[in-house]
Colleague: 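There's a structure below that I have some questions on.
Every chain is numbered from 1, with letters handed out A, B, ... down the list of sequences.
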There are 2 protein chains.
Amino acid sequence: MAVNHADPQKSFGHQVRRCHRRFDRLLSARLAPHGLKTGFWYYLRALWIADDVTQKQLSDLTNVTETTTVSMINGMIRHGLVDRSRDLADKRKMRVKLTPEGRALEKELIGYALEINAIAMAGIAPKELATCLSVLSRMSANLQIALDETTNADDG
Amino acid sequence: MAVNHADPQKSFGHQVRRCHRRFDRLLSARLAPHGLKTGFWYYLRALWIADDVTQKQLSDLTNVTETTTVSMINGMIRHGLVDRSRDLADKRKMRVKLTPEGRALEKELIGYALEINAIAMAGIAPKELATCLSVLSRMSANLQIALDETTNADDG
DNA sequence: GATTAATTCATCGATATAAAAGTATATGTG
DNA sequence: CACATATACTTTTATATCGATGAATTAATC
């Protein structure tokens, strides 16, 4: 072994990516009969909980860039799921709100969130699940700090 | 609260997705100075460990579909990182091998895998990390079973 | 209050990913 | 052996995502 390479099976980057792909594919399979893609799902999920938010807030809630949010919201508007209107107090901001159609999807689809998480968690001890969730959260925070440092370093 | 919706913060789908995005963004930032994208990274990582594999095997190693592998390998060939040749024993198969250039990148880049994982793991107890890795692995397996069932159900 | 900074959103071009359908080859079964 | 089925790959088309850049608006500073 000329180079000391980590075993991907023990790499969080690798394992998190694999797990994410499978969550996304299973969700995609569940949404397909409803004519919906996972891209919209994450926004709907956020809006069902906090409706009438800015695109910046939505981007934070869905963990994507504001660029992605623009095109996703455009798509959702075309599909009649949300409305967009300029914020009167701060004209830079756009406020995104569910239409009745978008709101109505909650009853129809929210079960998939519970079902798919239940499938993933099957046979795993609650204590282990809690630890994993906590570790994921702390890793996300650690990575965000590194990302901020990387961005700031470019400025100076 | 009309509908019982799970808190995304407690949803593995949500937390795994968020963590994945941040891993991918930090990796992207590290690779950028080398003119490389994360898309190639996962293939290089697999090939550094198991060179001379079929595209099917590569797809399994990188957790993407064979469709994705075709376009990624085409790109890597254009960049001189791998060669592709037909398997003589089974002419359906294509064998993918690193070029010296692709092989040489290991020494240059493998450190990022270790660095980024170390950043993510900072301040987290080894026991918790081990639990999380194990849970991720079991969740991936659970989800794959559900995916296989979904696919098979379509056939019959 | 004029100028500079930061914030928010949009546009454009590129990359990453997958499903569906098609082609070539191999395998299994009568 | 012939035919049906399975496997491996490719092509096409669509979706999801981001970085770089720019425009409009607000906030900060002098």
Colleague: Nearest to the A:Asp90 side chain among D:dT17, D:dT25, C:dT25, which nucleotide is it?
Modeller: D:dT25
Colleague: Would you name the heavy atoms of A:Ser137 and B:Arg18 that are closest together and state the gap between them?
Modeller: OG-NH2, 3.7 Å
Colleague: Answer syn or anti for D:dA24, where the cut-off is 90° from 0 on the glycosidic torsion.
Modeller: anti
Colleague: If pairing requires Watson-Crick or G-U wobble contacts with both distances under 3.5 Å, which nucleotide is the partner of C:dA5?
Modeller: none
Colleague: Side-chain N or O of A:Gln55 less than 4.0 angstrom from OP1 or OP2 on C:dA10?
Modeller: yes
Colleague: What's the CG-P distance between B:Asn74 and C:dT15, to the nearest Å?
Modeller: 14 Å
Colleague: Taking the six-membered ring of B:Tyr42 as reference, does the cationic atom of A:Arg17 (NZ for Lys, CZ for Arg) lie under 6.0 Å from its centre and within 45° of its axis?
Modeller: yes
Colleague: What is the distance, to the nearest angstrom, from the CZ atom on A:Arg25 to the P atom on D:dT15?
Modeller: 18 Å
Colleague: When we call it a touch if two heavy atoms are under 4.0 Å apart, what does A:Thr54 touch: a base, just sugar-phosphate, or nothing?
Modeller: sugar-phosphate
Colleague: Could you check how far NE2 of A:His79 sits from C1' of D:dA14, rounded to whole Å?
Modeller: 12 Å
Colleague: Give a yes/no on whether any side-chain N or O of A:Arg95 is located under 4.0 angstrom from OP1 or OP2 of C:dT8.
Modeller: no
Colleague: What is the distance, rounded to the nearest whole Å, between atom NE2 of A:His20 and atom C1' of D:dT17?
Modeller: 10 Å
Colleague: Report which part of the nucleic acid B:Val64 touches: base, sugar-phosphate, or nothing (heavy-atom distance under 4.0 Å, all strands).
Modeller: sugar-phosphate
Colleague: Rounded to whole Å, please give me the gap between CG in B:Leu58 and P in C:dA16.
Modeller: 15 Å
Colleague: Considering every strand and a 4.0 Å limit on heavy-atom distances, what is the contact class for B:Arg22: base, sugar-phosphate, or nothing?
Modeller: nothing
Colleague: B:Arg86 side chain N/O closer than 4.0 Å to the phosphate oxygens (OP1, OP2) of D:dT10?
Modeller: no
Colleague: If only side-chain N and O atoms of B:Thr68 are considered, is one of them under 4.0 Å from the OP1 or OP2 phosphate oxygen of C:dA18?
Modeller: yes
Colleague: NZ of A:Lys91 versus P of C:dT7: gap in Å, rounded?
Modeller: 20 Å
Colleague: What's the closest nucleotide to the side chain of A:Thr67 if the choices are D:dC18, C:dT17, D:dC9?
Modeller: D:dC18
Colleague: Please state how far atom OH in A:Tyr43 lies from atom C1' in D:dA16, giving the value in whole angstrom units.
Modeller: 9 Å
Colleague: Between B:Thr38 and A:Lys56, which is nearer to the 5' end of DNA chain C once each is assigned its nearest nucleotide?
Modeller: A:Lys56
Colleague: Using heavy-atom distances to pick each residue's nearest nucleotide on DNA chain D, tell me which of B:Ser71 and A:Phe40 is more 5'.
Modeller: B:Ser71
Colleague: Could you tell me whether the phosphate oxygens of C:dA16, OP1 or OP2, come under 4.0 Å of any side-chain nitrogen or oxygen in B:Arg21?
Modeller: no
Colleague: Side-chain heavy atoms under 4.5 angstrom apart, residues restricted to Ile, Leu, Val, Met, Phe, Trp, Tyr: same cluster for A:Met94 and A:Met76?
Modeller: no
Colleague: Starting at atom CE of B:Met72, determine the distance to atom C1' of D:dT17, rounded to an integer number of angstrom.
Modeller: 12 Å
Colleague: For B:Asn74 and B:Arg84, test the side chains for any donor-to-acceptor distance below 3.5 angstrom and give the result as yes or no.
Modeller: yes
Colleague: Do A:Thr150 and B:Arg30 pair up side chain to side chain, a donor and an acceptor below 3.5 Å, judged on atom types alone?
Modeller: yes
Colleague: Of the options D:dT10, D:dT7, D:dT25, whose atoms approach the side-chain atoms of B:Arg84 most closely?
Modeller: D:dT10
Colleague: Return the orientation label for the B:His20 and A:His20 ring planes: parallel under 30°, perpendicular over 60°, tilted otherwise.
Modeller: parallel
